[in-house]
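In this text the structure is predicted, and so the values were computed from the model without any measurement. Proteins come first, then strands; the chains are lettered A, B, ... in the order of their sequence lines, and each starts at number 1.
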There are 2 protein chains.
Amino acid sequence: MESPSQPKTSTLADDVFDQLRIAIVTGEIAPGSKVNEPQLSKQYGISRGPLREAIRRLEGCKLVELKANVGAKVVSLNREQAIEIYEVREVLEGLSCRLAAAKASTEDCTRLRELLTQHEQQIQSDNGRRYFQKEGDLDFHYLIVQLSGNKRLFSMLCGELYHLLRLYRVQTSSEPSRPVRAFKEHHHIVDAIEQGDGELAELLMKRHIANARQMLLTTLSGDADAADMAQEASSDRSAMG
Amino acid sequence: MESPSQPKTSTLADDVFDQLRIAIVTGEIAPGSKVNEPQLSKQYGISRGPLREAIRRLEGCKLVELKANVGAKVVSLNREQAIEIYEVREVLEGLSCRLAAAKASTEDCTRLRELLTQHEQQIQSDNGRRYFQKEGDLDFHYLIVQLSGNKRLFSMLCGELYHLLRLYRVQTSSEPSRPVRAFKEHHHIVDAIEQGDGELAELLMKRHIANARQMLLTTLSGDADAADMAQEASSDRSAMG
DNA sequence: AATCAATTTATTGTTGACAATATAGGTATT
DNA sequence: AATACCTATATTGTCAACAATAAATTGATT
């Protein structure tokens, strides 16, 4: 136990912002649903003031959309918008890898390997479901952008795009068919980073994400045959990068 | 004259957000300075409620930084942070060009040319100062990302990075030495877009911005000789892209 | 029965007051 | 004189009430 009254460093708006963000990206608050201020303020036991501030910050993450005199509603991403995100993500994470390859130490690469190994074990112990359901694959991408050392890049990916990706995954209940291929690609990326080959690391990551985007274009188009074909064509690559 | 009382579609927080953003990126509110709520609320004639909401939205644009129980302060970018922005901008605008090349119509390219011509005339009539002082060069980049059709990309560049660039320019009172070279590069980029050569357009834009970043590394390092050398090496390229 | 208008209800926008925290200033002590 | 502590001031955080707008309901008319 700690001392009972430590001076709190966070504000109510901060706390409810975190809680709301989690509630949104986990689907607890349905995509497209309206954000009702009186209801939420009662639910979280705070007044509307800090709640509204939290909502304004959620708007900054692009998780809700505001309209004057109408209120906020949780974003709902269609496939087109998801593809736009993947296009942006491809170049940003390519940059991540290029920078990471130039800066990563031996210990950093060890951490990357450990992360992949750990994920592989989780996969084997749960038939490949838990890893992606629990967003474990994002950990890998998350660590790389950290290693890049570019804080602006980190902010854009981890402060915005990854949350939107999680939202889209829960929204579409999408799960990759076979993560095995994704693991291989991940290891190849670490290989390149380990060798300090930024160009190759960038290329591999961009290809990795481009493959995932390609799956989006077909798998979720409602055309089952096209989806199967794309899956074959991409050699069982992960659907979500 | 219009009818005196049209139903207003914007809220106080929206208006003061726009005004504050302009005040920040023009340097009217100094970088690094503290944001005083009582003062600003009096200055803009509103209460602290909507003002605080506007500040939270400014935080979303990364124009202010918030600390609990202390308040907001306007961001102040150092060279390292500016370089990070340029690294991100390089790949994002490269993507802009690649996509724009695939989608731009003949009319779109005409608009790009007109914009460049217009800017060139402004330069000649004002010794090259007004164009960059008034951020006219960003118009060019702005239009290209619009043509890309990727709204997420547009949001990231025009909703965040460009504002930060303006802030950095006013903060460092930086002006490119000779925009002539930048114009040539701009025209070459339009050439590639016009020919539908996305790869080339991407390459040229990335190089264009990489050159500007390189100027940053040297011109503002306090080492005048290094700055001059870099300027020669980059063949009088614009300093700010 | 359907459509439009008026009324009611609910939600958002805004305000001023109060509480909690941090900052500034002053006093005493070493 | 410098530091630590206490006090006073200012600023931020939070709340509840009021105003303005939008949404829902009711009723009248065709």
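At whole-Å resolution of the value, NZ in A:Lys42 and P in C:dA10 are 11 Å apart. In this structure, the CD atom of B:Gln43 is 17 Å from the C1' atom of D:dT11, given to the nearest Å. Rounded to an integer number of Å, the gap from CZ of A:Phe17 to P of D:dG13 is 15 Å. The separation between B:Leu40 atom CG and C:dT15 atom P is 14 Å, rounded to whole Å. Rounded to a whole Å, the CG atom of B:Asn69 is 5 Å from the C1' atom of C:dT21. Atom P of nucleotide D:dG13 and atom NZ of B:Lys67 are separated by 12 Å, given to the nearest angstrom. Look at CG on A:Asp15: it is 8 Å from P on D:dT14, rounded to the nearest Å. In this structure, A:Leu12 atom CG and D:dT14 atom P are separated by 4 Å, rounded to whole Å.
Partner B:Asn150 forms a side chain to side chain contact (heavy atoms under 4.5 Å, CB included) with one of A:Val88, A:Ile85, A:Ile83 and no other, that one being A:Val88.
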Assess the residue pair A:Leu95 and A:Ser148 against the criterion (side-chain contact (heavy atoms from CB on, under 4.5 Å)); give the C-alpha distance rounded to whole Å, side-chain angles, the decisive distance to 0.1 Å, and a yes or no. CA-CA 8 Å; A:Leu95 175 60; A:Ser148 81; over 6 Å; no

(message) One pair to check against side-chain contact (heavy atoms from CB on, under 4.5 Å): B:Arg21 and B:Leu63. What are the steps and the verdict?
(response) CA-CA 8 Å; B:Arg21 188 171 59 180; B:Leu63 286 176; 3.5 Å; yes

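A search for side-chain hydrogen bond (donor to acceptor under 3.5 Å, both in side chains) contacts involving A:Glu160 returns nothing, not counting sequence neighbours. Remark: A:Phe154 pairs with A:Tyr142 by the ring pair (Phe, Tyr, Trp, His ring centres under 6.0 Å) rule, at least two apart or across chains.
Screening residues 38-54 of chain A for salt bridge (Lys or Arg N to Asp or Glu O under 4.0 Å), with sequence neighbours left out, gives A:Glu37-A:Arg48, A:Glu37-A:Arg52, A:Arg52-B:Glu53, A:Glu53-B:Arg52, A:Glu53-B:Arg56.
Note on ring orientation: taking the six-membered ring where Trp is involved, the planes of A:His208 and A:His141 are parallel (angle under 30°, cut-offs 30° and 60°).
Of all the residues in residues 44-57 of chain B, B:Arg48, B:Arg52, B:Arg56 reach under 4.0 Å from DNA chain D with at least one non-hydrogen atom. If you check residues 30-39 of chain B against DNA chain D, the residues with a heavy atom closer than 4.0 Å are B:Lys34, B:Val35, B:Asn36, B:Glu37, B:Pro38, listed by number.
Not a single donor-acceptor pair under 3.5 Å links the side chain of B:Ser155 to the backbone N or O of B:Lys151.
Fit an axis to the five pairs at each end of the helix from C:dA1-D:dT30 to C:dT30-D:dA1 and the two axes sit 10° apart, to the nearest 10 degrees.
For D:dT14, one of the phosphate oxygens OP1 or OP2 lies less than 4.0 angstrom from a side-chain nitrogen or oxygen of A:Thr11.
Salt-bridge annotation for A:Lys103 and A:Asp108: absent, with no side-chain N of the basic residue lying under 4.0 Å from a carboxylate O of the acidic one. Taking the charged nitrogens against the carboxylate oxygens, A:Arg213 and A:Glu90 do have a contact shorter than 4.0 Å, which makes a salt bridge. Using a cutoff of 4.0 Å between basic side-chain nitrogens and carboxylate oxygens, B:Glu84 and A:Arg152 are not scored as salt-bridged.
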